[in-house]
Amino acid sequence: MGAEARQLELPRIDFSGVDPSAPGAGQWAAVRAQVVDALATFGCFDAHYPALTPDLRAAFFDGAVKKLFALPDDAKRRNTCSPDRPLFGYLGSMAGFTNAYESLAISDRVEPERVRAFADLMWPGGDNAAFCEAVHGAARRIAELEESVQRMVMEGLGVPEYHDAMRESMRHVFRMAHYNAPGGDAEGKEVRYGTHQDCSMLTVVCQHAVDGLEVQTGDGEWIHFRPSSPASLVVIAGNELRAWTNDRVRAPFHRVTVGGDVARYSAILFALPGLKIQAPDELVDEEHPPRFKPHCNDDFMHFCVAHGARHEDRLKDFCGV
Ligand SMILES: O=C(O)CCC(=O)C(=O)O
Ligand SMILES: [Fe+2]
């Protein structure tokens, strides 16, 4: 091997032959094998997903998200949630984050009524139809990818019968994020969101125009995500999928670094399980003794929030056997 640094890349999986509304059809089985392999090895992958078309992305980011972050802070702060659900609303200028990060969230379900309620809170009395159409159009497709991946994981591990109940219980947080540019040289990157694992089952990241997501491999090397196509999304396994699969899936550490003078926007869909997280009996045996105690996602999230985003194995600390 030469002296130059190896250019690591995330596995790329092509979803163009997968129809989320027809599980099992087309390329489903072949893609499922790649998904299970990528999540076991890396805990994430680059999904080529043309169902989220360039027009939908442009309407979403250029039409809706940029308009949202141009709002004054007091409007954004109306996106609150109850104190016991700190990760379900506006985040910005807060402990553990740089001042150069802020985000807003639509919570619980990716449904037109939720998007409408969010828009009406931001622009009371406004004509919010175009905003709602753009946000729901993007979020719905991202959620369809997330559901397909969840189904594939359960099928691929031989436990498809658990999918429907888990799905029914799932809540979603659709977070739109804005990272200020540090200015200057694009090489002079600054960490804008520190190293962490997600508390979700699955997370899907859609980044706009400016790169910045970095994922750590099991060997401790950092992969700087460069989208393989304009239709790329990143699927990341969270600690709850790791727990539910009894450690068969990695939940990779990741962070966001931004350089140069162009702001970065991204959208992140978190799938949060409402059912108690306990590995199914089929995934526990002598070779795979239980690794984590049964627990609720709400309790795990509170634990993570209380301890902050850090480079530590929160799941093991919280419920490791
Ligand atoms: O904005 C991104 O690319 C990812 C942010 C992230 O990792 C998170 O919000 O958990
Ligand atoms: Fe994350």
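Worth knowing before you read on, the calculation uses all heavy atoms, side chains too, and leaves out hydrogens, waters and symmetry mates. Being a predicted model, the structure only gives us computed values, none of them experimental. In each ligand, atom 1 is the first atom listed, and ligand 1 is the first ligand listed.
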> atom 9 (O) of ligand 1: which protein heavy atom is closest, and how many Å away?
Replying inline: F270 CZ, 3.6 Å
> Which angle, to 10 degrees, forms at the Fe ion (ligand 2) with NE2 of H196 on one side and OD1 of D198 on the other?
Replying inline: 90°
> Is it the side chain, the backbone, both or neither of D198 that has a heavy atom closer than 4.0 Å to ligand 1?
Replying inline: side chain
> Looking only at heavy atoms, is any part of R175 under 4.0 Å from ligand 1, and if so is it the side chain, the backbone, or both, or is it neither?
Replying inline: neither
>> Does this structure show an ion pair linking D198 with R242, if we count only N-O contacts that are shorter than 4.0 Å?
In response: no
> Does a side-chain N-to-carboxylate-O contact under 4.0 Å join R78 and D120?
Replying inline: no
>> Classify the ring geometry of H178 against Y265: parallel below 30°, tilted from 30° to 60°, perpendicular beyond 60°.
In response: parallel
> Is the shortest distance from a Lys or Arg side-chain nitrogen in R167 or D164 to a carboxylate oxygen in the other one below 4.0 Å?
Replying inline: no
> Is there any N or O on Y101 that sits under 3.5 Å from an N or O of ligand 1?
Replying inline: no
> Under 4.0 Å from ligand 1, counting heavy atoms only, is it the side chain of S266, its backbone, both or neither?
Replying inline: side chain
>> Looking at non-hydrogen atoms alone, which of M176, Q197, H208, H196 comes nearest to atom 10 (O) of ligand 1?
In response: H196
> In terms of heavy-atom contacts, does NZ of K67 have more than 12 from other residues, nucleotides or ligands at under 6.0 Å?
Replying inline: yes
>> For D46, is there an ion pair with R12 - N to carboxylate O distance below 4.0 angstrom?
In response: no
> Heavy atom of R255 under 4.0 Å from ligand 1?
Replying inline: no
> Hey, what do you get for CD (E146) to CD (E144), rounding to the nearest 0.5 Å?
Replying inline: 11.0 Å
> Looking at V256, which atoms of ligand 1 are within less than 4.0 Å of one of its heavy atoms?
Replying inline: 1 (O), 2 (C), 3 (O), 4 (C), 5 (C)
>> Students often mix this up, so state it plainly: with edges at 30° and 60°, are the rings of F61 and H208 parallel, tilted or perpendicular?
In response: parallel
>> Just to check, does Q207 reach to within less than 4.0 Å of ligand 1 when the distance is taken from its heavy atoms?
In response: no
>> I'd like to check which ligand 1 atoms, numbered from 1 as shown, lie under 4.0 Å from a non-hydrogen atom of V205.
In response: 2 (C), 3 (O)
> With a cut-off of 4.0 Å, which atoms of ligand 1 are near a heavy atom of H254?
Replying inline: 7 (O)
> Take atom CD in E9; do more than 12 heavy atoms of anything else shown fall under 6.0 Å from it?
Replying inline: no
>> Heavy atoms only: which of F225, Y265, F253, Y179 lies closest to atom 1 (O) of ligand 1?
In response: Y179
> Which residue holds the protein heavy atom closest to atom 3 (O) of ligand 1, what is that atom called, and what is the gap in Å?
Replying inline: R264 NH2, 2.8 Å
